[in-house]
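Here is how names work: the chains are called A, B, and so on, in the same order as the sequence lines, proteins then strands, and each is numbered from 1. Basis for what follows: all heavy atoms, side chains included, without hydrogens, waters or symmetry-related copies.
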Amino acid sequence: MHKQKKYIVSHAPFWHDGSRLTTKNYHIMLAVLIALAAGIVKYGVPAVGVIALSVSTAIFWELIMNKITSRTATIGNGNAALTGLLFAMMLPPTMPWWAVVTGTFVCVIIGKEIFGGLGGNPFNPVLIGMAILMIAWKDLFDFDQALINYDFDYLVLYPLAALKHFGISSIESLSAIDLLSGKQTGAIGTTFGFGLILGGVYLIIRGFVRWEISVSYLLGIFVTAFIFKSADSATYAGPVIHLFSGYTLFGAFFLATEDSSSPVNFIPMLIYGAAIGIMTILIRNIGVYVDGTVFAILLINLANPIIDKIRPKAMGRAV
Amino acid sequence: MGDYIVLAISCIFVNNILLAQFLGNCPFLGTSKKMETATGMAMAVVFVLVLAGIITWLTNAFILKPFNLEYLRTISFILVIASLVQFVEMFLKKSMPALYAGLGIFLPLITTNCAVMGACLINIKEDYTFIETVISSFSYAVGFGLALILFAGVRERILLARVPKPLQDTSIGLITAGIIAMAFFAFKGMV
Amino acid sequence: MIKRSFIGLFSPVLQYEELDTSKTVDSIKVTGAVTFFVDKKYSKKDSLLIKPGDKVKSGDIFSVFNDSEEMIISSVTGEISGIEAFSGNFGKEYTAVTVKTESGGNNVNKDFGKTLKKASKSSLNQIIKNFPGVVSDTVFVNPDKPVDSIVITGMDSDLLISNNKYIVKNRIKDIKAGIVFIEKMTGINSFITVVPESLAVVAQDIGVPVRVVELTYPLASPMLITQNIMGRKVTAGKTAEDSGVMVINAETVAAMGAASVKSEIPGSKIVTVIDKNGDTRLVSAIIGTPVNTVLSQLKIDVNEGDRVITGGPLTGTAVYSDSHPVLPDTEAIMVQDREDIPEILDNSCINCGECVRICPAKVPVNLLIRFLENGEYDEAADSYDLFSCIDCGLCAYVCQAQIPVFQYITLAKHEFTRNNTVEAENA
Amino acid sequence: MTEAILFMLGLGAACGSVLSIASKIFYVYEDPRIGEIEGLLAGANCGGCGFAGCSAAADAVVNGMAQPNLCVAADEETAVSVAAVMGLNAGSSEAVISRNSCTGGNRASDKFIYSGVLSCNAMSNFYGGKRNCTIGCLGLGDCVKVCTFNAIEIGHDGYPVVDESLCVGCKACEKVCPKSIITVKTMSERLFDFNRNDDPLAPCVQTCPAQINIPQYIKQIRNRDFEGAVNTIRERNPLLLACGRVCPHPCEDICRRGLEDEAVSINQLKRFVADYEMNSGKHLPVTCAPSTGKKVAVIGGGPAGLSCAFFLKRVGHDVTIFDMTPKLGGMIRYGIPEYRLPKEVLEWEIEGILNLGIEHHANVKLGTDFTISSLVASGYDAVFLGIGAWKDYALKIEGEDLKGCFTGINFLSNFSLFQQGDSDKEIKIGKKCAVIGGGNTAIDCVRTLIRLGVEEVYIVYRRTRNEMPANMVEIEAAEHEGIKFVFLAAPEKVLADEDGHIKGLEYLKMELGEPDASGRRRPVPIKGSETVIELDMLITAIGQGPDVSFKNNKSDIRLNQLATTRWDTIDSVDPETLQSNIPYIFTGGDAATGASLVVEAIGGGRRAARSIDLYLKGEKVTPPENSLFEKNIPESIFESVSGINPIERAKMPELPVDERIKSFVEADLVISEESALKESNRCLTCCVTCYNKDS
Amino acid sequence: MRDLISMVLVLTVLSAFSGGILASVKQSTSEKIEFQQLKFEKAPAIKMILTGCTNDPMIDRFKLKDGDQEISFFVGKVDGKVTGLAFETFGKGFEGKIGLMVGVNIDTMCLIGGGVTTQSETPGVGSKAKTDPKFVAQFENLPVAKGAFKVKPDGGGIDALSGATITSRGVCIAATDAVNIYNRLEDQLKEKLKAYSK
Amino acid sequence: MAKSITQEFVKGLWAEIPPFRLVLGLCPVLAVTKTVENGIGMGLATTFVLVCSNILVSMLRSVIPPKIRIACFIIIIATFVTVVELLMQAFTYPLFLKLGIFIPLIVVNCIVLGRAEAFAFKNSVVPSTADGFGIGVGFTLSLAAIGLVRELIGTGALFGVSIFGAGYQPFAFMVEAPGAFICLGLMLCIMNLVGNK
């Protein structure tokens, strides 16, 4: 047998545009930095603690699961870290350590790994963690309660909870600018609206998240809230409050756009976003939960495979 | 009218028979592997549940109640439902083979489906009127079908995902169903 | 390699190469042996019409097998030195016939043009297969395929290649003669030429209607030309010929013209050579020349772990041996440095949708790939538009998860066809 | 109370009558099997199987869309009954098991570096796969992915391993394997599976006349799965104890390790596991297919007959062995001396075979005690003639029938009969004996003689030691035991003393001449070199052929047409089918080939069994397709092998010479478990062109 | 035809047989069942409401019709004098019906608290309505005459259980209902109670 | 294939333990296992019905025409279910209240019907009793196991007695509906891991 040089052989194509999962995940992390920094400034050391714990345990759980299923370690692609980071941003800074650890466990293992890892998950892993924690330890998510020891120079109020429990009169004083600049109570990373919008727009421009989903989501919120407001302005808050409080902006840019649980075709993306928006307002206005974002996205995640069946006819297809 | 709509929404979403009341789980897991099967099953349940709701309500109102035989509810309902389903199956098979192929084959599965039996018992327990019974039966069935179809959509994808071996099939199906049940929490308190 | 731009809001767009008129075409000299592939599996039991030691002349047309119509046009003069089996890409079995060239042998079959004109329809098919530029499984005249229009394409099949553009620019006369030849042979008289914008004026001289195709990849694929230019529907899983349109490379037409008029032997092929830096040059190579001869004459080094590709970057075929010959359908020879070879990963699809947005055939690639990974080819073909795919390779090009999507698709098409043929045979 | 009873009465009656009337009115024909299967299923309509209810499940089973064992609520019995309804009768319900036939070569060199879809099919589409090995496993596990029963896993060495308890024989793996190395076969198919020239076969397997999967059992020994190894051998060779002792192991001659080092001691390993089974005291269970009701007569209880009977019985035919000697075993009992193959070992082995349910008639001779006609008359559907080669060729020199002159087989068998107490005819032994011939029979004779206390024993052979056809080990053993070799001697005549008793042998000395066409230097007599050795006993063992004296029995009209060759062997139509010119008579072993190896006879027995099986099934008796018969795949025969670190071959323990020449106690001993394990590690696990290098 | 008849026959006999069995079981257990129902559903709540009673309200009970509904009333006496009256009403909770046992002090015409009887609310959240005495204690001493009770978010005076507005609302509805019933039936009740006063 | 009575009994405890091995009868498994107590109660009620109906079906198996056997099984099972219902009302009323609608729904529990059809209809009384008893006990055990996990994690207590102490924040998700599904799913996974050795 004569010796020959061995070449790398594969089927076409031989070019790749260089896009990587890893790049995407790290850029999303980059995009939340401003909002995250605002949260850390606002809440101080406890927030840093929660974030660090969340990110590290998320990576840890993924590594454990990789070992158990004897697959190559996937923590390098940054997805576990991203999951941990997004999860931490949705928590109040006072979250006890055991709740954070349980939460990341649920996110990474139940939410993602048991479905075969990234790409197999039919639901947004972060939201599964959030939802299960919210059901299990409701009290921990009472932001007003949680932040009682903080001293801020503005009205310490979680707008959506106030709306739910004390009626619209209690939040009339809040302006859009106040809300966007973070003068509201809320989770670590979700109160600084400017930061979130900036990050979201960056991601959209870079193509890491789809504008269709974010825009239709925000539109859905706006329109539904507007309809409610016009129907009964004494009971229901206007679109501005809904858009800029709670997890709305965070959800629009970082949660609803999670690849695996969202549609890929144009029209389905619009439907998907709008449906989440509508559902969010429905829960906030007539449901039991203070902030409907988590459950609304989960619910529409569920409908994603059905919605995504609306797709253009492929070339040459007979029917 | 408004009450009826509220009742319907309540039965479809809030008190979804599968995910909130835990009725009809065996076929839920069994028939949700393919979208086609799920759709067929959903249709069949709608059909049977409305019929069964009506007939059990009639049995209860005109025979069991007047004669104080309420303790025979279980046995009479199951007999009536089983006979009804079997009758419908035979009827469809003979007269409408096309419909039978799409829907009739699921009928035997429904005989022992606790969703049907359970919904009928709930109707009686909640003291619904005849019209309410029809609406609630229909809505329960729609709720069942909705959950089943949504689940099938998700499950079709899960079947193709790289689920770890011990979790495959039923195990992951149950966990997904749990998450779906959780997603249905979104409707809590809406009525 | 073209990297993704900073703004990722819209899908990337790839452009075909324009013809660089400043460059000249060098000829590659044949030194040792050349190899021809015959489209038939070789087994030792077959009775052969030729044997090692037989002499052939350049321009000789000869059959190899007793019981098969496969024919070879020898592009060189020399002595047959070997006949052996070769298993190619996609399990395709060939018979490789090696001819040792004779130095200084200027012995050429002068009657090639006559033979060609006299050839019967069935043997013409076989002969035409050896003309440069023909996609190997395209059959020239096939009663099963109701071809009524012929498109002469001055476009090239892949990025970086400009062979046909060069031909349109330089060999108008031959193309015209070729059209006459085709018309005579087939009776089809509906011709059009498709060319890029820059050649539209030149192409007018051919004398048939000229249509301009944009340079956006993959608009020049036969399927899309049939659909966009000819306005005919191409059914999924069928070829352009099934819709009555045959797309022929300008180079082939020119070779036919030259052969029929000047009795010129269609033994050489314009090849775009793409080196490791992505620089291209056009060369003219004798069909059958080993790739390493071409590369060494152009002083391109290939090392262990590099990749040698016959064809373009998105649709070519990687070869494992650099003694692989230049075939009639080898449009380009591309060498990729091992550092530049994109990594392929065993990720699962993350549903980002890039492939769906870039797919010119609107195939739901995100769903399709899930079925393909699980080997459910029937489902993929029935419900997820496997056969709508026009083989452009863009899905794999943009895949963030670095899944070899297009490899899966080609594999699936091949396996599906194979399984169904087996089933049909067993039924 | 009354209301309740009345109500239930009414309800029951109403439901019952409505349904029964409806079942008449709305009756629709359906495949009766559907109803039958539905009746067998649990009827819980639970949907657990994924079908809509039990009737849908039954429908699916009938239409072949589901397996009989689909019901999750029922037990195994149900699955069995469902299978029965589906017409999967006992015969074909034989377990089908998937097997990977490529056992080795994970270091096959690569043609290229593959980068692409990780699937065997994708890779094999690429110029036939990246490995140079043309047939072997690609190891990307398409079979694992396709198996819905989780029965296949990629083992430690990178090759698929089948968990037989989980395999249901769906053949999905077989279909998906691009290299056709995963095969799903029933036991019968496996038993009659002959080497094909497109199989991944190590050189040893290609050479072994019995086609034993040698690398497989060596691998099993390596994994200490000794019982598995026994089963692997027994799939091809029922006489593993005997073969482990007497086989001249042609496999070792071609062993790739022998090219650079010493060949793996294959036969010692075989003997080791065979002894392992025997020493355990229990026959490993051997499965047989359910009876087919066909009867086959096997004439001759030697290795060929036993092998043929064994395989026929295992695939379900009823077999009766007819043998002319008191005990079964044929030449290996009466031709091979005790010290090479102790009779108790043989006894144990034959017992294992007969335990399968094979009948046996002893002391009956074809042509005298029974005829083919009588067999046909008593309902036998086919006959196997494994009569061996019991007739010694004559030397054709003057005086060879003197007193004190014997022929080889005659001597050995008569002695054997006497030794085993089956005959009281003692052979008178002389003091100075010579044996003419250079084959194994000759060696057996001399080694027997020396054990009987003969003072001087000579071997007289026409050519030199190098040309002796006997096994080299045997020759060496004989040398050790003090046998005197007279080479290049052509016997001229036997000298007699006055009372007609032998007194010497006169022979002519020879020298080697020019090489002839075959390359051997022919011996040429030296004129006038007559020499005499003094003797009182002479044995001629120059070869033997079948004894076809039964043809003389003119009453057996059926046998009269049986064609024989000029060497008296039975002329088979095809050496691979072994069918004679009379369609229902098959042959094998020495009767077909002339005197040859035991293992050859065993392989012949199996070949004949396959043909008989085909014949009994009414199929055409043709050789196996693509058969690799007595040939080697050229590309698998190497001239050199790289990457080998010499490791010493396991030494066979033997009795000291002075001990062994005194008795008939077995001279060769079995190797220890430790050295068997060590030796098994020397195997290179060759596939067609690839092999495992030493790490 | 014969198998048809036998099929019908078997089915009929079997069901009649089962009817008989069930009827007899029912007969022998019916009294026990009724007592159990009272004991476990109503008794704890009644005991809590009519504290200090000297009689057994489970025995001193009567039924009255309110429209279609029949309501059981339990009478509490201290030393032979009727002091309180307890009865059950229902409201819609988070998950199905909530039963509320309401007591009325005959003398002061005020509520003497209430007790949740049946509920299927979320454990630890809505279920606090039953387990947290502070919640129902809010109704104590509210005059019967005063119309509807409402939770604070609805503009009423009852503090909702944290996180269980719906449940709280349901309890309020039940209490409101009780007051309405009492007011509607006041005359009949007084009539009845006279019989117990002796 | 003849198995001893013990074998018939034991197979229900592991080899064929319902909901885990035979994934059947899920509704009660999910719905009533908020606490161990409920689980055991439901299990016992089902066991009673299983044993009784198995006995009766195997006794009547020669009388019942195969064509209407399902209807007959249903009647027999329904009768025993009603008996259980009445008895529970009379003697264990609080448990009856907790189990609610799931008591009458035993009648449509696939396990009961499945055993009647798959076993009792083909076997004599004694093995059928053993089978019913074994499967019933297995069912009870698994209900109790799920109840145990859910109650312990979901409330931090067992039978109302705090186990983890006051510091434990109950993971209330487990006693919610979705918790039931996920808990059973994970337990099935563990069973698969253990069982496939």
Side-chain angles (χ1 to χ4, degrees), chain C residues 41 43-45 85-94 96 303-309 317-324 336 338 341-348 369 372-377 396 399 402-419 422-423 426, chain D residues 64-65 108-136 138-148 150 152 154 170-180 182 196-198 625-628 631 633-635 688-689:
Chain C
K41 185 177 173 171
S43 84
K44 290 181 178 119
K45 289 175 202 151
F86 179 84
S87 74
N89 203 354
F90 279 111
K92 208 160 163 147
E93 302 285 350
Y94 296 98
N303 303 318
E304 175 122 351
D306 290 349
R307 185 147 65 187
V308 179
I309 300 152
T317 309
V319 294
Y320 72 91
S321 147
D322 56 12
S323 51
H324 194 91
Q336 209 173 17
R338 70 171 109 174
I341 294 175
E343 195 184 2
I344 281 175
L345 298 180
D346 186 29
N347 281 335
S348 53
I369 187 68
L372 302 187
E373 280 182 353
N374 284 281
E376 294 182 19
Y377 303 135
C399 183
Q402 291 155 282
I403 304 171
V405 187
F406 184 49
Q407 300 188 14
Y408 272 113
I409 292 177
T410 36
L411 172 69
K413 285 180 172 178
H414 176 257
E415 289 293 305
F416 180 86
T417 322
R418 198 182 59 145
N419 291 346
V422 171
E423 261 167 46
N426 292 343
Chain D
M65 283 155 65
S109 54
D110 291 344
K111 282 194 278 193
F112 49 77
I113 304 160
Y114 179 74
S115 144
V117 173
L118 292 179
S119 126
C120 306
N121 270 299
M123 201 208 268
S124 75
N125 280 333
F126 237 123
Y127 309 109
K130 72 170 179 178
R131 289 191 179 153
N132 259 325
C133 175
T134 51
I135 290 170
L138 296 173
L140 291 179
D142 279 15
C143 44
V144 178
K145 283 177 221 149
V146 87
C147 182
T148 47
N150 293 337
I152 308 183
I154 294 289
C170 67
K171 297 201 173 188
C173 45
E174 188 181 274
K175 272 181 217 147
V176 83
C177 180
K179 294 291 201 176
S180 312
I182 283 255
R196 292 163 60 101
N197 54 25
D198 51 358
E625 243 176 271
N626 281 333
S627 160
L628 185 73
K631 285 192 295 276
I633 302 170
E635 68 210 52
V688 174
T689 60

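Here the closest non-hydrogen pair linking D:Gly116 and C:Ile344 is CA-CD1, 4.1 Å. Between C:Arg307 and D:Ser115, the shortest heavy-atom distance links the atoms NH1-OG, 4.5 Å. The two residues D:Ile113 and C:Gly305 have their closest heavy-atom pair at CD1-CA, 4.1 Å. Residues D:Val117 and C:Gln407 come closest through the heavy atom pair N-OE1, 3.1 Å.
Among residues two or more places apart in sequence or in another chain, the salt bridge (charged side-chain N to carboxylate O under 4.0 Å, His left out) test is passed with D:Arg196 by D:Asp198. Residues satisfying the side chain to side chain contact (heavy atoms under 4.5 Å, CB included) criterion with C:Glu343, sequence neighbours excluded, are C:Leu345, C:Gln402.
Between D:Tyr127 and C:Phe86, some side-chain heavy-atom pair lies under the 4.5 Å cut-off. Residues C:Arg418 and D:Asn121 meet the side-chain proximity criterion, which asks for heavy atoms closer than 4.5 Å.
The distance from the CG atom of C:Leu411 to the OG atom of D:Ser124 is 8.5 Å, given to the nearest 0.5 Å.
Residue-environment remark: NZ (D:Lys145) exceeds the threshold of 12 foreign heavy atoms within 6.0 Å.
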- Message: Between C:Asn419 and D:Lys175, does the side-chain contact (heavy atoms from CB on, under 4.5 Å) criterion hold? Intermediate values first, please.
- Response: CA-CA 9 Å; C:Asn419 291 346; D:Lys175 272 181 217 147; over 6 Å; no
